[in-house]
Amino acid sequence: SFSIVGMYLLLKKKYFLGGFIFGLAILIQTYSLPIFAALLLYISFEFEGKSLKFKYKRAYATVLGFLIVFISVTLFFSILSNNTYIKQVYISHLLKNPSDKVAADYGTKLESFLYNFDSNKLIFLLPLFFLFTKKRKEIIPFLLIILFLALFLFSLKKSLFYYFFM
């Protein structure tokens with residue numbers, strides 16, 4: 001998926017290209033947004049000695065790459081759809097109720113999350129590896145992704161079951 005390629009590029013310090021790929025990822029799958037936000041936070045700050053420094057060139061290059069593709073495609077489809085694209089794709093997507101019977105049967109967000117935990121155990125148990133490894137710095141971006149993704153899923157009006165099968 002584009003999210004994996006974008007994550008690889010950002011972690012390899014190819015900030016503009018990583019942002020560009022994440023722009024494509026978010027256009028295709030909205031759940032890539034919390035992954036992008038977590039990685040943007042991770043690459044934007046770095047410890048220098050005991051102080052935390054904001055690395056603005058990294059952040060700006062990443063956001064610029066993202067915005068170029070995201071705004072271009074959004075404007076193109078907004079013009080093509082007579083300005084209904086944003087409402088139909090983004091606003092309704094984030095606020096929609098499940099319309100299919102299978103998704104509605106999962107109940108509350110917590111029930112839906114716990115039901116789908118079985119298919120994603122490795123992802124949600126990754127924070128436990130933090131306790132048992134000496135290479136904690138390498139796990140930090142993945143922990144941020146898990147945190148941001150969980151917050152995103154629980155912030156949706158109704159958590160649909162297929163968000164957990166990424």
Side-chain angles (χ1 to χ4, degrees), residues 1-71 73-74 89-91 93-96 106 108-166:
S1 111
F2 285 107
S3 295
I4 293 170
V5 174
M7 181 173 71
Y8 174 80
L9 290 168
L10 289 177
L11 295 176
K12 290 294 182 183
K13 301 181 182 193
K14 308 258 188 234
Y15 303 117
F16 180 82
L17 188 55
F20 188 88
I21 296 297
F22 261 108
L24 292 172
I26 293 167
L27 286 167
I28 294 168
Q29 297 173 324
T30 309
Y31 71 78
S32 298
L33 182 63
I35 298 169
F36 176 66
L39 289 171
L40 182 62
L41 179 70
Y42 176 75
I43 65 166
S44 297
F45 292 94
E46 187 175 286
F47 278 102
E48 290 180 1
K50 291 190 176 190
S51 62
L52 189 63
K53 299 286 183 180
F54 177 64
K55 299 296 185 174
Y56 68 92
K57 288 183 182 179
R58 293 178 188 176
Y60 292 152
T62 305
V63 171
L64 180 63
F66 167 79
L67 288 176
I68 285 174
V69 69
F70 188 80
I71 290 174
V73 171
T74 300
V89 173
Y90 298 110
I91 295 171
H93 182 72
L94 294 174
L95 299 177
K96 69 182 170 185
Y106 287 111
T108 66
K109 289 181 188 181
L110 182 59
E111 290 169 346
S112 176
F113 181 83
L114 293 174
Y115 178 84
N116 292 291
F117 175 78
D118 287 337
S119 63
N120 294 287
K121 284 181 182 159
L122 183 62
I123 293 173
F124 293 106
L125 293 176
L126 183 64
L128 293 177
F129 293 116
F130 191 78
L131 300 172
F132 303 109
T133 185
K134 293 180 182 180
K135 297 183 178 184
R136 291 187 175 143
K137 187 177 179 185
E138 287 83 4
I139 294 179
I140 290 173
F142 302 105
L143 294 175
L144 284 172
I145 290 170
I146 292 167
L147 174 66
F148 277 57
L149 194 54
L151 290 173
F152 173 76
L153 292 174
F154 281 106
S155 71
L156 295 174
K157 185 175 180 185
K158 179 70 176 174
S159 184
L160 304 178
F161 72 97
Y162 52 80
Y163 282 114
F164 295 98
F165 297 103
M166 297 180 254

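Source: prediction; values computed, not measured.
Closest of all the heavy-atom pairs between Phe2 and Ala25 is CB-CB, 3.5 Å. Between Ile43 and Lys55, the shortest heavy-atom contact is O-CB, 4.2 Å. Closest approach of Pro141 and Leu39 over heavy atoms only: CB-CD2, 3.9 Å. Contact between Val69 and Leu27 at its shortest, heavy atoms only, is O-CD1, 4.0 Å.
Summarising the geometry, atom CZ belonging to Phe20 is positioned 12.0 Å from atom CG belonging to Leu67; distances are rounded to the nearest 0.5 Å. With rounding to the nearest 0.5 Å, the separation of CG in Leu17 from OG1 in Thr62 is 10.5 Å. The CD1 atom of Ile35 lies 12.5 Å from the CG atom of Leu144; values are rounded to the nearest 0.5 Å. Atom CG of Leu33 sits about 10.5 Å away from atom CG of Leu40, to the nearest 0.5 Å.
Taking Phe36 as the reference, Phe22, Phe66 meet the ring-ring contact (aromatic ring centres under 6.0 Å, His included) condition, with sequence neighbours excluded.
The environment of Ile68 atom CD1 is dense: over 12 non-hydrogen atoms of other residues, nucleotides or ligands sit within 6.0 angstrom.
The side-chain hydrogen bond (donor to acceptor under 3.5 Å, both in side chains) contacts involving residues 4-21 comprise Tyr15-Arg58, where partners must be two or more places apart or lie in separate chains. Evaluation of the ring-ring contact (aromatic ring centres under 6.0 Å, His included) test over residues 39-58, restricted to residues two or more places apart or in two chains, returns Phe45-Phe54, Tyr56-Tyr60.
Checking side-chain atoms of Ser44 against main-chain N and O of Leu41 turns up no donor-acceptor pair under 3.5 Å.
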